[in-house]
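Below is one structure, written out as structure tokens; comments come after it.
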Number of protein chains: 2
Amino acid sequence: MQIAEVLQKLEQGARRLTPQREVIIRLFAEHPGRHLSAEEVHALVKEEASEIGLATVYRTLELLTELGILQRINFGDGRARYELNQEEPHRHHHLVCMRCGRVEEYGEDLLDSLEGRILEERGFKVLDHELKFYGLCRSCQKAQGHH
Amino acid sequence: MQIAEVLQKLEQGARRLTPQREVIIRLFAEHPGRHLSAEEVHALVKEEASEIGLATVYRTLELLTELGILQRINFGDGRARYELNQEEPHRHHHLVCMRCGRVEEYGEDLLDSLEGRILEERGFKVLDHELKFYGLCRSCQKAQGHH
DNA sequence: CTAGATGCAAAAAGTTTGCATAAGA
DNA sequence: TCTTATGCAAACTTTTTGCATCTAG
């Protein structure tokens with residue numbers, strides 16, 4: 001996502017580009033593939049010598065999600081996580097390791113054709129979907145073998 | 001799921017069948033298709049004239065999930081929800097309405113073949129998966145039209 | 001009888017909110 | 001200037017935990 005696009009989305013919502021918001025957006029751009037929680041964002045900001053109140057972090061993540069800049073994901077670890085929203089044709093899914101908790105991306109989206117079928121069969125208009133596979137990553141399978 | 005099967009699974013874990021656990025299991029059996037939160041289970045139990053401590057409800061839901069009797073699901077409403085675990089060949093998915101919050105079941109499981117592919121391609125051993133479609137249910141589509 | 005389960009209350013963990021102050025546009 | 005954003009602390013919600021008591025097997 002380009003910075004220009006972010007600015008445009010902020011304007012659409014009559015929202016200001018504050019230093020805090022800029023830092024948080026940049027942080028996501030600099031950590032592609034990571035799924036950051038509010039607490040992690042807060043800590044990473046602190047590492048950069050700046051400091052943002054935790055409440056502001058929460059409010060910013062909420063705002064950026066509303067504007068479609070971030071996507072909120074729940075991996076069942078008791079806190080919401082966020083990543084930069086992928087543009088439509090490149091939606092991806094997640095492989096969540098049940099042992100070490102690491103999350104890998106899975107590139108392909110195989111569900112588009114299905115969504116049309118759901119509308120026909122069930123009258124349900126799909127706007128978004130979320131697919132997660134839970135299992136064991138390569139190294140945890142080995143670890144299980146000779147533990 | 002048969003009661004005999006539940007007893008067997010409890011025994012496997014060296015766990016006791018207490019009245020509290022029995023009530024909670026029966027409650028899920030009597031409410032198929034509902035996705036109950038801990039608070040809802042607690043309230044439903046109270047309606048039946050019995051009463052179970054909330055902490056016990058949480059501990060029981062955790063236990064039954066570990067034993068594979070319940071399945072924990074997160075619909076993004078800030079609390080964990082549970083349903084009776086479907087037997088292997090009948091896994092189903094969910095259609096979550098973003099407007100009214102209602103959750104419908106979607107029967108078919110189309111992902112089995114995919115799981116083999118993920119193991120080959122990525123070395124990730126899938127044990128479980130979770131697929132949710134977010135969108136608008138039939139009645140909320142109408143409501144949006146002439147709001 | 002005794003390991004495991006319950007209930008209560010307190011604590012934790014994550015998130016939200018009220019309000020005075022600060023600062024983009 | 002004036003509306004919106006921030007920071008802090010307090011409140012809220014969901015879930016977990018410690019401990020004394022109880023009970024299923």
Side-chain angles (χ1 to χ4, degrees), chain A residues 3-4 6-27 35-46 48-67 69-70 72-82 101, chain B residues 3-4 6-27 35-46 48-67 69-70 72-82 101:
Chain A
I3 192 74
V6 171
L7 284 172
Q8 189 200 335
K9 290 200 176 188
L10 281 173
E11 269 178 49
Q12 278 169 14
R15 295 321 196 3
R16 295 173 179 163
L17 181 61
T18 63
Q20 290 90 335
R21 289 173 181 177
E22 209 175 330
V23 165
I24 290 176
I25 293 164
R26 189 160 39 73
L27 203 149
H35 310 94
L36 300 170
S37 67
E39 203 66 60
E40 286 170 350
V41 168
H42 190 231
L44 283 172
V45 167
K46 204 170 282 177
E48 299 196 355
S50 36
E51 156 100 70
I52 303 177
L54 184 54
T56 300
V57 171
Y58 274 103
R59 281 187 282 230
T60 301
L61 294 175
E62 172 70 30
L63 171 71
L64 296 178
T65 301
E66 274 172 27
L67 296 176
I69 296 167
L70 294 182
R72 181 186 273 122
I73 322 173
N74 193 307
F75 290 121
D77 63 348
R79 73 211 65 185
R81 295 183 169 277
Y82 300 81
Chain B
I3 191 75
V6 170
L7 284 174
Q8 191 201 334
K9 290 200 176 187
L10 282 173
E11 269 179 50
Q12 277 168 17
R15 294 324 193 2
R16 296 174 179 164
L17 181 61
T18 63
Q20 290 91 334
R21 289 174 180 176
E22 209 176 330
V23 165
I24 291 176
I25 292 165
R26 188 159 41 72
L27 203 150
H35 310 93
L36 301 170
S37 67
E39 204 66 60
E40 287 170 348
V41 167
H42 191 229
L44 283 173
V45 167
K46 204 171 281 178
E48 298 196 355
S50 35
E51 157 101 70
I52 302 178
L54 184 55
T56 300
V57 171
Y58 273 103
R59 282 187 281 229
T60 301
L61 294 175
E62 172 70 30
L63 171 70
L64 296 177
T65 302
E66 275 173 26
L67 296 177
I69 295 166
L70 294 182
R72 181 188 272 122
I73 321 172
N74 194 307
F75 290 120
D77 63 348
R79 75 211 63 187
R81 294 183 171 277
Y82 300 81

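So that the names make sense, note that chain A is the first sequence line, chain B the second, and so on, each numbered from 1.
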Exercise. Reading nucleotides 12-20 of chain D 5' to 3', which nucleotides get B (base under 4.0 Å from a protein heavy atom), which S (sugar-phosphate only), which -?
Worked result: --SBBBB--
Problem set entry | Worked verdict on A/Glu22 versus A/Leu17 for side-chain contact (heavy atoms from CB on, under 4.5 Å) | CA-CA 7 Å; A/Glu22 209 175 330; A/Leu17 181 61; 4.1 Å; yes
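- A donor-acceptor pair under 3.5 Å is formed between the side chain of A/Thr65 and the backbone N or O of A/Leu61.
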For this session: Could you walk me through whether B/Arg26 and B/Glu48 pass salt bridge (charged side-chain N to carboxylate O under 4.0 Å, His left out), step by step?
Result: CA-CA 12 Å; B/Arg26 188 159 41 72; B/Glu48 298 196 355; 3.7 Å; yes
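- Contact of the A/Leu63 side chain with the A/Arg21 side chain is registered, since non-hydrogen atoms from C-beta on lie closer than 4.5 Å.
- Rounded to whole angstrom, the span from the CG atom of B/Leu7 across to the P atom of D/dA24 amounts to 14 Å.
- Note on B/Arg21: every side-chain N or O is 4.0 Å or more away from OP1 and OP2 of D/dA24.
- A 4.5 Å side-chain heavy-atom check between A/Arg79 and A/Arg81 finds at least one atom pair inside the cut-off.
- Within the 4.0 Å cut-off from OP1 or OP2 of D/dT23, not a single side-chain nitrogen or oxygen of B/Gln20 is found.
- Taking the ring centroids of B/Phe75 and B/His35, they lie under the 6.0 Å cut-off.
- Per the geometry, CG belonging to B/Asn74 stands 14 Å off P belonging to C/dG14, to the nearest Å.
- Using a 4.0 Å heavy-atom cutoff across all strands shown, A/Glu51 reaches sugar-phosphate atoms only and no base atom.
- Under the 4.0 Å criterion applied to side-chain N and carboxylate O atoms, A/Glu11 and A/Arg16 are not assigned as salt-bridge partners.
- The distance between atom CD of B/Glu11 and atom C1' of C/dA5, rounded to the nearest whole Å, is 17 Å.
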Problem set entry | Where protein sits on nucleotides 20-25 of chain C, one letter per nucleotide: B base, S sugar-phosphate only, - none, heavy atoms under 4.0 Å | ---BBS
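- Judged purely by atom type and a 3.5 angstrom limit, B/Thr60 uses its side chain to pair as donor or acceptor with the backbone of B/Thr56.
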